[in-house]
Amino acid sequence: MSKRVLAAAMVAMLAIAGCGSGSGSGDPKTLKLWHYEPPDSAMGVAWAEAIKQFEASHPGVKVSFEEKGFEQIQKTAPMVLNSSDAPDVLEYNKGNATAGLLSKQGLLTDISDEVTKRGWDKQLTPALQTTARYDENGVMGSGKWYGVPNYAEYVKIFYNKDMFAQQGLEAPKTIEQLTAAMDKFAAAGVTPLAVGGSEYPAHQVLYQLALTKADRAWVDRYQRYTGKVDFHDAAWTYGATTFADWVKKGYLSKDSAGVDAEGMGMSFMQGKYPIMISGSWWYGRLVQSIKNFQWGSVPWPGMTSGSAGNMWVIPKGAKNRDLALDFIAITMSQPIQDKLREAGGVPVVNSTTPPADPRLKELVEDFTTLSTQDKLAFYPDWPAPGYYDVHVSATQKLITSSASPSQALDELAKPYEENLANIGK
């Protein structure tokens, strides 16, 4: 979710003449791969190396890679994966509303046998397996394997140490400290929080606030349909009202309703805002890009959005399934997982050697702590198909003050309850 939205031009789907098939028809010399990681991200660096290793270990086979946008795949996957233009393997978002929906629609390959055969079930902890397995209703957590997570991710607080020092502030490790810091910045005429309201970042902040009043049972009711969800309970109400209050206090700009995730990240990296609440997927870029100030990060207090990262899936109509499985295996190998870690990502395969940069050690250790303490709460837009756009819309209305917190929560409740009816829950 987890959820990086990258600007990518819509490109014509390439029909690769001569793509082979698992049944032996055609020329199995091209692996068609899609993912949406920018080249300078940790995952982009790791997958580029994986492509090199794949081609070296498969003489005569070439990888035809197409970089897509997160939004592009999110919106077009059901149509494209049901066509002759489907890739052999692609990165896809996890959760009931995305991978779960496609598995229910019969668009993804059940790879359960291969997961066991290749030992991926041993590499991935039970917590990381949750988003790879779906039952007949497309609900995550049990059933068949439809994908392999290749990294992990979680939401945390990034902060500009120089700007904090100028205001005499320490790292914001509690909600109280975070609020006090934003108060001080706002009083000094500085908008404290970088936000992208036109995509995922803003609604993740609202969810983060709700999680401060939530527990595992609350998360399971919402994400896995284990009980009734009240969108006007204490947690959701606190999340929406506090977010709206942050807008009124000037903690985030009303203009942020039109800012995308990339714009948010760039503004923080340029030193325009002292705080950014977003995912670990930014970590590698921050390490590489920020040269003019010191920065740090701290875990979100309490439960946080997080899970295994997006995963490799094989479309039902893939023409080179065996090659796709071999590519996945390379991305799960220790050298590639170490490469991902050194570039600023959170690996799913632990290494026996420490990372070169101590900040990367902190990144991995924080995730390990969250995972072992059962504090990963998935992402807010997972439970229902099309829910991503609903969350974006409702949160934008809080930023522009065109809806009350109660109205925004009503907007979230309607499609969720419709989805429950559709799956017989």
Side-chain angles (χ1 to χ4, degrees), residues 1-3 34-35 70 73-82 86-153 216 219-227 229 305-318 321 324-325 328 331-332 348 371 376-388 415-416 418-425:
M1 212 187 141
S2 165
K3 355 313 98 322
W34 292 358
H35 73 66
F70 179 93
I73 291 180
Q74 177 104 336
K75 294 180 184 303
T76 63
M79 176 181 65
V80 173
L81 299 192
N82 201 25
D88 297 308
V89 60
L90 77 152
E91 177 185 19
Y92 197 61
N93 203 9
K94 64 281 177 199
N96 303 336
T98 47
L101 177 63
L102 295 194
S103 71
K104 182 182 177 182
Q105 293 173 336
L107 296 176
L108 300 181
T109 300
D110 170 13
I111 58 172
S112 303
D113 290 345
E114 288 290 337
V115 168
T116 304
K117 175 182 173 182
R118 294 173 183 259
W120 295 329
D121 57 334
K122 301 294 191 299
Q123 288 181 299
L124 297 166
T125 65
L128 295 178
Q129 293 181 21
T130 301
T131 57
R133 302 176 64 191
Y134 297 86
D135 65 17
E136 64 277 5
N137 289 317
V139 179
M140 65 182 179
S142 65
K144 299 175 181 178
W145 289 73
Y146 286 99
V148 179
N150 43 54
Y151 68 98
E153 61 184 23
R216 173 55 57 193
V219 171
D220 283 346
R221 286 195 299 273
Y222 176 62
Q223 296 281 0
R224 301 182 64 189
Y225 320 132
T226 59
V229 174
S305 299
S307 69
N310 296 319
M311 58 187 183
W312 298 121
V313 299
I314 300 176
K316 196 74 171 180
R321 295 182 192 177
L325 289 162
I328 294 172
T331 68
M332 294 293 284
V348 293
S371 183
L376 297 173
F378 311 118
Y379 292 88
D381 53 290
W382 282 12
Y387 214 21
Y388 176 90
Y416 184 91
E418 289 173 350
N419 180 61
L420 288 182
N422 289 337
I423 62 174
K425 293 286 185 177

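Residue numbers count from 1 along this sequence.
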Colleague: Applying salt bridge (Lys or Arg N to Asp or Glu O under 4.0 Å), can you list everything that pairs with Arg224, at least two apart in sequence or on another chain?
Modeller: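 With neighbours one apart ignored, the set is empty.
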Colleague: Looking at every heavy atom in both Pro383 and Asn96, which two are closest together, and how far apart are they?
Modeller: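 Minimum heavy-atom contact is O-CB, 3.9 Å.
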Colleague: Can you name the nearest heavy-atom pair linking Ala384 to Asn419, along with the distance?
Modeller: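 Residues Ala384 and Asn419, closest heavy atoms: CB-CB, 3.7 Å.
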Colleague: Contact between Ile328 and Trp120 at the side-chain level, heavy atoms closer than 4.5 Å - yes or no?
Modeller: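 Yes, their side chains come closer than 4.5 Å.
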Colleague: Drop me the distance from Ile314's CD1 to Leu325's CG, to the nearest 0.5 angstrom.
Modeller: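 Rounded to the nearest 0.5 Å, the CD1-CG separation comes out at 4.0 Å.
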Colleague: Would you be so kind as to tabulate the donor-acceptor pairs closer than 3.5 Å made by side chains of residues 138-145, with sequence neighbours excluded?
Modeller:
none

Colleague: Checking Tyr388 against Asn93 for the side chain to side chain contact (heavy atoms under 4.5 Å, CB included) test, could you report, in this order, the C-alpha distance in whole Å, the side-chain angles of both residues, the deciding distance, and whether it holds?
Modeller: CA-CA 11 Å; Tyr388 176 90; Asn93 203 9; over 6 Å; no
Colleague: Atom CG of Leu376 and atom OG1 of Thr130: how far apart are they, to the nearest 0.5 Å?
Modeller: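 Output value for this atom pair is 9.5 Å.
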Colleague: Tell me, with the steps shown, if Lys117 and Asp113 meet side chain to side chain contact (heavy atoms under 4.5 Å, CB included).
Modeller: CA-CA 6 Å; Lys117 175 182 173 182; Asp113 290 345; over 6 Å; no
Colleague: Going from OG1 on Thr131 to CZ on Phe378, what distance comes out if it is rounded to the nearest 0.5 angstrom?
Modeller: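 Thr131 atom OG1 to Phe378 atom CZ measures 7.5 Å (nearest 0.5 Å).
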Colleague: Within this structure, what is the OH-NZ distance for the pair Tyr134 and Lys104, rounded to the nearest 0.5 Å?
Modeller: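 Here the rounded value is 14.0 Å.
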Colleague: Can you see which heavy atom on Pro315 is nearest to which on Pro87, and at what distance?
Modeller: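 Pro315 and Pro87 have their closest heavy atoms at CG-O, 3.2 Å.
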Colleague: Any donor and acceptor pair, going by atom type alone, linking the side chain of Gln129 with main-chain N or O of Pro149 inside 3.5 Å?
Modeller: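 Such a contact is absent between Gln129 side chain and Pro149 backbone.
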Colleague: The test is side chain to side chain contact (heavy atoms under 4.5 Å, CB included); show your working for Ile111 and Val313 and say whether it passes.
Modeller: CA-CA 9 Å; Ile111 58 172; Val313 299; over 6 Å; no
Colleague: Checking Thr226 side chain against Asp220 main chain: does a donor-acceptor pair fall under 3.5 Å?
Modeller: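 A pair under 3.5 Å: yes.
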Colleague: Specify the closest pair of heavy atoms between Leu101 and Ala97, including all atoms of both residues, with the distance to one decimal.
Modeller: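 Looks like CB-O, 3.7 Å.
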Colleague: Of all heavy-atom pairs between Tyr379 and Gln223, which one has the smallest distance, and what is that distance?
Modeller: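 Scanning both residues, the minimum pair turns out to be O-NE2, 2.8 Å.
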Colleague: Testing the 3.5 Å rule here: is there a donor-acceptor pair between the side chains of Asn137 and Tyr225?
Modeller: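 The criterion, which ignores hydrogens and geometry beyond distance, is not satisfied for Tyr225 and Asn137.
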Colleague: With sequence neighbours excluded, tell me which residues meet side-chain hydrogen bond (donor to acceptor under 3.5 Å, both in side chains) with Trp312.
Modeller: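 If we apply the side-chain hydrogen bond (donor to acceptor under 3.5 Å, both in side chains) test to Trp312, skipping adjacent residues, the hits are Thr331.
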Colleague: Just verifying a value: how many Å separate Leu124 CG and Met311 CE, rounded to the nearest 0.5 Å?
Modeller: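 With rounding to 0.5 Å, CG (Leu124) is 11.0 Å from CE (Met311).
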Colleague: Within this structure, what is the CD-CG distance for the pair Glu91 and Asn150, rounded to the nearest 0.5 Å?
Modeller: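 These two atoms lie 6.5 Å from each other.
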Colleague: With a 4.5 Å heavy-atom cut-off, do Val348 and Met332 have their side chains touching?
Modeller: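 Yes, close enough: below the 4.5 Å cut-off.
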Colleague: Quick one: does Tyr222's side chain have a donor or acceptor within less than 3.5 Å of a partner on Pro380's backbone?
Modeller: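 Yes, because the side chain of Tyr222 sits within donor-acceptor range (under 3.5 Å) of the backbone of Pro380.
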Colleague: Between Asn310 and Tyr151, do the side chains contain a donor N or O and an acceptor N or O under 3.5 Å apart?
Modeller: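 Yes, Asn310 and Tyr151 have a side-chain donor paired with an acceptor closer than 3.5 Å.
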